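Heads up, the thing below is written out as C-alpha cells.
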There are 4 protein chains.
Amino acid sequence: MAVFIEQGFAGAKVVDIAKRAKSAKGTVYLYFETKEQLFEAVVRQYIQPTHVDMRAMAKNFSGSSSEMLSMILHRFYAEFVGNEQRRSIMRILISEGHRFPELTEYYYKEIISKAEKMIKQIIKRGIDSGEFRESPAQKIPTVVMGPAVMAAIWKMTFDNASKLNLKKFAEAHVDMVLNGLRA
Amino acid sequence: MAVFIEQGFAGAKVVDIAKRAKSAKGTVYLYFETKEQLFEAVVRQYIQPTHVDMRAMAKNFSGSSSEMLSMILHRFYAEFVGNEQRRSIMRILISEGHRFPELTEYYYKEIISKAEKMIKQIIKRGIDSGEFRESPAQKIPTVVMGPAVMAAIWKMTFDNASKLNLKKFAEAHVDMVLNGLRA
Amino acid sequence: MAVFIEQGFAGAKVVDIAKRAKSAKGTVYLYFETKEQLFEAVVRQYIQPTHVDMRAMAKNFSGSSSEMLSMILHRFYAEFVGNEQRRSIMRILISEGHRFPELTEYYYKEIISKAEKMIKQIIKRGIDSGEFRESPAQKIPTVVMGPAVMAAIWKMTFDNASKLNLKKFAEAHVDMVLNGLRA
Amino acid sequence: MAVFIEQGFAGAKVVDIAKRAKSAKGTVYLYFETKEQLFEAVVRQYIQPTHVDMRAMAKNFSGSSSEMLSMILHRFYAEFVGNEQRRSIMRILISEGHRFPELTEYYYKEIISKAEKMIKQIIKRGIDSGEFRESPAQKIPTVVMGPAVMAAIWKMTFDNASKLNLKKFAEAHVDMVLNGLRA
DNA sequence: CATGAATGAGTGTTCATTCAT
DNA sequence: TATGAATGAACACTCATTCAT
C-alpha cells in the first residue's frame, strides 16, 4: 500500500512492492494474478478496518445531540482526516477510481454509506428531541461531512501552498454545522 | 487535457494526445520538450479562465449578505462543481499534485486563495451589517466552501455508487451555511 | 564538414549542418537528396584540394634524393599530419568508409596513390643515383609513409593519453627512413 | 562486439546485439544500464587478452637484437595486424574514441604503452651490443611500429581500393627498420 | 529559392509477466 | 513455495525528410 500511495497505480513497480514486503518479484505473482488484482486486494484490505471504530462509538451515547454530533465529527477528524494513511486511500480512490469501479463501490458501501446513516440518525435524534430544526440536511447528511472531506483533500494537495490547521478547522466546522442545524 | 483527464498523467500516451489534437506525435515535441512540460502547460491553461468570472460577480452587489453568499455559492455550483472540466482539473491536481507542486501552488494562488478572500469579505460584510454572527468561519472561510468541494469530488468518484443530486445538495449546503452564520 | 567531423555521420544532425552553413534545414534538401549524398559531396570536396600542393612540389627538385625525401616527408607532416582538418578526413574515412566505399576509393585514387607514386619515384631516383640501395620499399612505398599516417591517427585518438611531439616524431621518422634506404 | 564493429556505436541496434547474443532486448538491460555502458564493457573485454602474448614472448630471447626485433614485428603482424578482430577494435577506438575517452586511455595503457616499452628495450639491447646505432627512435619507439599500424588501418579502409599484401608489407617494413637502426 | 512546421518511422529503455530452478 | 533471470510489448523521444507558404 505504501508504494501505491507514494507512486500511484501506474508509477508503482511490482519489484518495489515486493521488496517492501521483503519478498521477491515472482512471489507476488503466486498470490495475485496481475498488478490490478494486487492493487484491488491491497486497497480493499486497507479500507475494511476503518469504519468499525466509527460505528461502535455511535451507540450508547447519552449526551445531547449537539454533543454527539460534535464528538462524532471530532472523532472523524482525529481518526480519518488526521490519519495520513486513510487520507491517502481517499486520494487513491479519487485518482484511480475510474479504473477500479468496484473498489469505489466497496468504499462507498463500507465507509461512506455507514457514515451517512450515522449522521442521519444523529440529526433525526436531534430533531426528535427538539434540539435541531427540520432541514434539507436530514436527507442529505453528506453536507454535514463536507468540510471534513475537503480538509482531508486539502492536507494532501494544497498543504504546501497553504498549511491547514486541522484543530481550528475542525472547530470552525463543528461551530458552523451545529449552528446551522440548531432549532 | 481530455486525454490527461481520462487516463491520468502516466496513462496518457503522447500519440493519443497528438491524435486528439489532430496532429502527429512529433509535432507535440515542437512545442513541448517533454510530456511533463506538456502536462504543466495544458493544466495551467485550463486553470486560468476559471477565477475571472467569480471575481467579477463579487462586485457591485446590492442585496443582503445572505443573498450574496447564497448567490455566490450557487454560482460556484453552477460554474465549478457542475462543470465536468473544472472538476476534472481538481481531480488531476489531487492525483498528480505530488509530481507537479508548482501546479498546485499556481492553482491555489489563482483560484482558491481568491475564493477564500471573497468568502471572507462577504462574511465580514454580513457581520458588519449585523446579519451574521462572529464565528470562527471568518478566519477559516474554507469551511464554508467545504461541502461544495466535496460535491465536486463526489461527482467524479462516487457518483456511480450513489448519484448525487447537485441541485438539492447545493440547497442543503446553502441552507446549512446561512443558518450556521446567521446572527 | 565541421559537424560531420565532430559528430560522425550518424551523430551529425542535418539541422546543425544547416545552421553552421547559415541556412535552414529545408534548404539543404534543395541541393542534396539525402544526408548520405550530402556527406559524400562534402567529404569529396574536402579531399580534392589536398593533393595538388604535394604534387607540384615534387617536380623540379635539384638536391639529393635524401634531401628530397626528407623534404617531402616534412611537408607531409606540416600540411597533412599537422593539419587537423585533413587528419579528420582520414578519421572519417576510417570510421565511415564501410558505408561509403566510393569515397574511400576516391580518396585512394586522388591522394594516396599519388603519394605512393611520388615516393616510388624518389626512391627510384635515389637508387639510380646510387644514393639508395635496392629494397622492398621500392615496390611498397607505403612503408615509408607509415609512421606519418600513424602519427596522424595518434593525434586524433591517443593524444589525450600520451601527447605526441610532432616535430620530434617527424625527425625520428625521417632519420630512420633515410638510414633504412641508404645504400 | 561483432555488431558494434559492423555498424559503429550509433548504428548498432540493441535488439540486434541481443539477437546476436541469442537473447532478448530486455535481457541486455539486466546486465548493462545503457548502450554506452554495454559498449564500454564489450570493448574493454576485447582489449584485455591482446597484450599478454606479446609480452610473454619478449622474455628469454637469446638471438641478436635484429632477429629479436624482426621476430617481434612479424609476431605483431601475425597476431595483431592480421587479426580482423583486433584491427576492428582499433578502428572502433579511432571512430568512437572521442565519446569514450576512458576507453582509449585504457587501450593506451594496456596495449600501446607496453608495446612501446618493449620496442624501446630491444633498441637499447641492440645499441648496448653495438648492433644498432644511436638514433632518435630510441626515444620515440613508435616510429618503428608506425608502418604496422598503418597496415592495420589500410586493411580496414583501403583494401577494397588497393589490396595490401600483408606478408610483403611486413617484410618491407622489417627490412627498412632493421637497416634504419643498424649501426 | 528559402523556410521551418509537420510527419512518422525508428530506437533506447522500462516493466509487467512468465517460468525454469 | 520462493526466486529472479528472461522476455517482449509498450512508450517517450529523436530526427531525416517533405511540403505548403
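Note: hydrogens, waters and symmetry copies are ignored here, and every other heavy atom, side chains too, is used. Every chain is numbered from 1 and lettered A, B, ... according to where its sequence line falls, protein lines coming before strand lines. All figures in this text were calculated on a predicted structure; none of them were measured in a lab.
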Outer limits of DNA chain E sitting under 4.0 Å from a non-hydrogen atom of chain D, read 5' to 3', are E/dT11 to E/dT14

Test: C/R99 cationic atom under 6.0 Å from C/F9 six-membered ring centre, within 45° of axis: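 Relative to the ring axis of C/F9, which defines the angle, C/R99 lies outside at least one limit.
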
Nearest 0.5 Å please: distance from the [atom1] atom of [X] over to the [atom2] atom of [Y].
{"X": "C/M90", "Y": "C/I112", "atom1": "CE", "atom2": "CD1", "answer": "7.5 Å"}
{"X": "B/L93", "Y": "A/I153", "atom1": "CG", "atom2": "CD1", "answer": "12.0 Å"}
{"X": "D/K19", "Y": "D/K13", "atom1": "NZ", "atom2": "NZ", "answer": "8.5 Å"}

Between [atom2] of [N] and [atom1] of [X], the distance in whole Å:
{"X": "C/K13", "N": "F/dC13", "atom1": "NZ", "atom2": "C1'", "answer": "12 Å"}
{"X": "B/D16", "N": "F/dA10", "atom1": "CG", "atom2": "P", "answer": "13 Å"}
{"X": "D/K19", "N": "F/dG8", "atom1": "NZ", "atom2": "C1'", "answer": "11 Å"}
{"X": "B/E36", "N": "F/dC11", "atom1": "CD", "atom2": "P", "answer": "16 Å"}
{"X": "B/E33", "N": "F/dC13", "atom1": "CD", "atom2": "C1'", "answer": "12 Å"}

With nearest nucleotides of DNA chain F determined for C/K35 and B/K35 from heavy-atom distances, which residue corresponds to the more 5′ nucleotide? B/K35

Closest-nucleotide ordering on DNA chain F, the 5'-leading residue of C/V15 and B/G11: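 This one resolves to B/G11.
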
Stretch residues 22-30 of chain A: residues that reach within less than 4.0 Å of DNA chain E through a heavy atom: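 Of all residues in residues 22-30 of chain A, the ones placing a heavy atom under 4.0 Å from DNA chain E are A/K25, A/Y29.
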
What is the nucleic acid contact for D/A12, judged by heavy atoms within less than 4.0 Å: base, sugar-phosphate only, or nothing?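 Sugar-phosphate only.
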
Just to be sure I understand the rule, does A/Y31 reach a base, reach only the sugar-phosphate, or reach nothing, if contact means heavy atoms closer than 4.0 Å?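 Contact class for A/Y31: sugar-phosphate only.
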
Would you say C/R20's side chain and C/M1's backbone share a donor-acceptor pair under 3.5 angstrom?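 Flag not set: sc C/R20 to bb C/M1 has no pair under 3.5 Å.
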
For B/A12 and B/I17, which heavy atoms make the closest approach, and how far apart are they? CB-CD1, 4.2 Å

Using the ring of each side chain (for Trp, its six-membered ring), is C/Y107 parallel, tilted or perpendicular to D/F158, with breaks at 30° and 60°?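 Correct class here is parallel.
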
Counting Watson-Crick and G-U wobble pairs whose two distances are both under 3.5 Å, find the runs of 3 or more in a row that involve DNA chain F. E:2-21 with F:2-21

